[in-house]
Amino acid sequence: MQVRGASSAIANNLYLYRKILQLKTPIQATARPPCDVFINHRGIDTKKNIAGLLDHRLFRLGLRPFLDSRNMKPGDKLFENINPAIRNCKIGVAVFSPNYCDSNFCLHELALLMESKKRVIPIFCDVKPSQLRVVDYGTSSPEQLQRFSRALEEAKYTVGLTFDTLTGDWSHFLNTATDAVIKNLAELEAENSSKKST
């Protein structure tokens with residue numbers, strides 16, 4: 001199948017990722033984590049645009065992203081669902097936005113991703129990395145604030161993507177973000193396969 005431009009790269013990377021998954025034995029395939037990609041985001045800023053669109057795109061490509069609004073139902077306990085999803089995911093996507101640091105939930109998820117040594121793809125949506133700071137609203141302990149700050153600093157110094165929702169090309173951005181996720185998943189699968197064969 002011929003696809004043009006950025007879509008061609010996405011198709012090629014998705015093909016590689018699916019080929020790697022096919023190499024697994026049936027026992028390994030049944031032990032797959034509940035999600036491939038955990039999407040960490042501030043709902044009021046990005047759920048209906050960047051995070052939601054990326055979740056939809058990855059899902060349509062046959063991947064299993066975790067987005068709270070899609071993977072959880074009313075009555076579910078947040079930490080009982082989110083913490084295992086983070087611990088069992090393959091990679092994380094952190095969508096930083098202007099109100100991101102106002103949420104202890106967002107910062108907790110980011111800290112858990114970093115503490116779990118997950119590969120995280122930062123997306124800076126309508127915000128520069130230098131604008132992101134943990135603020136003490138009196139709701140977190142000094143230890144939690146330090147934990148959040150460490151995770152945020154680590155993410156700020158990780159190569160990521162930037163997007164301006166007012167002037168950016170949405171189609172190009174979604175292709176680029178999807179490509180980054182698929183490439184990272186393929187690299188992780190290749191690393192895991194080589195570790196198991198040695």
Side-chain angles (χ1 to χ4, degrees), residues 33-55 58 63-166 168 173 176-177 180-181 183-185 187-188 191:
C35 72
D36 297 307
V37 183
F38 185 90
I39 302 175
N40 166 246
H41 68 289
R42 180 75 163 129
I44 60 171
D45 289 339
T46 64
K47 188 176 308 259
K48 292 183 180 179
N49 52 49
I50 294 290
L53 291 170
L54 184 59
D55 170 75
L58 295 172
L63 299 174
R64 291 169 305 168
F66 184 98
L67 187 69
D68 55 0
S69 62
R70 190 176 64 78
N71 294 82
M72 295 175 61
K73 63 187 181 316
D76 283 348
K77 303 283 186 209
L78 285 174
F79 292 119
E80 289 176 14
N81 288 276
I82 290 174
N83 289 357
I86 291 171
R87 287 188 184 101
N88 295 318
C89 74
K90 294 178 182 176
I91 67 169
V93 173
V95 183
F96 296 105
S97 56
N99 295 301
Y100 181 93
C101 290
D102 292 340
S103 168
N104 281 349
F105 287 110
C106 290
L107 293 167
H108 166 75
E109 291 171 4
L110 179 66
L112 190 54
L113 281 164
M114 296 305 191
E115 292 161 357
S116 301
K117 306 290 186 213
K118 301 296 180 181
R119 188 179 296 198
V120 175
I121 301 168
I123 296 175
F124 301 97
C125 178
D126 296 331
V127 68
K128 294 177 183 174
S130 61
Q131 295 172 308
L132 298 170
R133 288 182 183 76
V134 174
V135 179
D136 184 0
Y137 292 110
T139 58
S140 300
S141 69
E143 294 80 19
Q144 284 178 310
L145 292 172
Q146 190 175 29
R147 178 177 172 250
F148 297 161
S149 293
R150 274 193 309 268
L152 189 59
E153 287 305 307
E154 186 176 344
K156 286 166 53 174
Y157 290 98
T158 302
V159 176
L161 304 170
T162 58
F163 188 67
D164 182 326
T165 57
L166 295 177
F173 173 76
T176 302
V181 167
K183 279 182 182 177
N184 276 278
L185 284 170
E187 286 174 12
L188 282 176
E191 287 172 16

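Because the structure is predicted, anything quoted here is derived from the model rather than measured.
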In sequence, state the C-alpha distance, the side-chain angles, and the governing distance for His41 and Ile123, and then conclude on side-chain contact (heavy atoms from CB on, under 4.5 Å).
-> CA-CA 10 Å; His41 68 289; Ile123 296 175; over 6 Å; no
For the residue pair Ala94 and Val120, what are the closest heavy atoms and their distance?
-> CB-CG1, 3.9 Å
Evaluate the side-chain contact (heavy atoms from CB on, under 4.5 Å) criterion for residues Cys89 and Leu113: first the C-alpha distance (whole Å), next the side-chain angles of each, then the deciding distance (0.1 Å), finally the verdict.
-> CA-CA 9 Å; Cys89 74; Leu113 281 164; 4.1 Å; yes
Sorted by first residue and then second, give each side chain to side chain donor-acceptor pair (under 3.5 Å) pair with at least one member in residues 122-134; sequence neighbours left out.
-> Asp126-Thr165
Is there a donor-acceptor pair closer than 3.5 Å between any side-chain N or O of Asp55 and the backbone N or O of Ala51?
-> no
For residues Cys101 and Leu152, report the shortest heavy-atom separation together with the two atoms involved.
-> SG-CD2, 3.7 Å
Just do the side-chain contact (heavy atoms from CB on, under 4.5 Å) check on Leu54 and Val37 with the steps written out, would you?
-> CA-CA 10 Å; Leu54 184 59; Val37 183; over 6 Å; no
Carboxylate-amine/guanidinium contact Glu115 Arg147, below 4.0 Å = yes
Spell out, as yes or no, whether a donor-acceptor pair under 3.5 Å connects the side chain of Ser140 to the backbone of Asp136.
-> no
Judged by atom type as modelled, is there a donor-acceptor pair below 3.5 Å linking the side chain of Ser103 to the main-chain atoms of Phe105?
-> yes
So, for Phe148 and Ala111, which heavy atoms are closest and what is the spacing to 0.1 Å?
-> CD2-CB, 4.3 Å
Give a yes-or-no answer on whether the side chains of Tyr137 and Asn104 include a donor-acceptor pair shorter than 3.5 Å.
-> no
Exercise: identify the closest heavy-atom pair between Cys125 and Pro98 = O-CD, 3.6 Å
Presence of salt bridge, Glu153 and Lys156, under 4.0 angstrom | yes
Any donor-acceptor N/O pair, Tyr100 side chain to Cys106 backbone, under 3.5 Å = yes
Sequence neighbours excluded, which residues qualify as salt bridge (charged side-chain N to carboxylate O under 4.0 Å, His left out) partners of Arg42?
-> none
Intermediate values then yes/no, side-chain contact (heavy atoms from CB on, under 4.5 Å), Leu63 and Leu185 = CA-CA 10 Å; Leu63 299 174; Leu185 284 170; 3.9 Å; yes
Shortest non-hydrogen contact from Pro65 toward Cys35 | C-CB, 4.3 Å
Report the residue from Leu132, Asp45, Asn49 that forms a side-chain contact (heavy atoms from CB on, under 4.5 Å) with Ser97.
-> Asp45
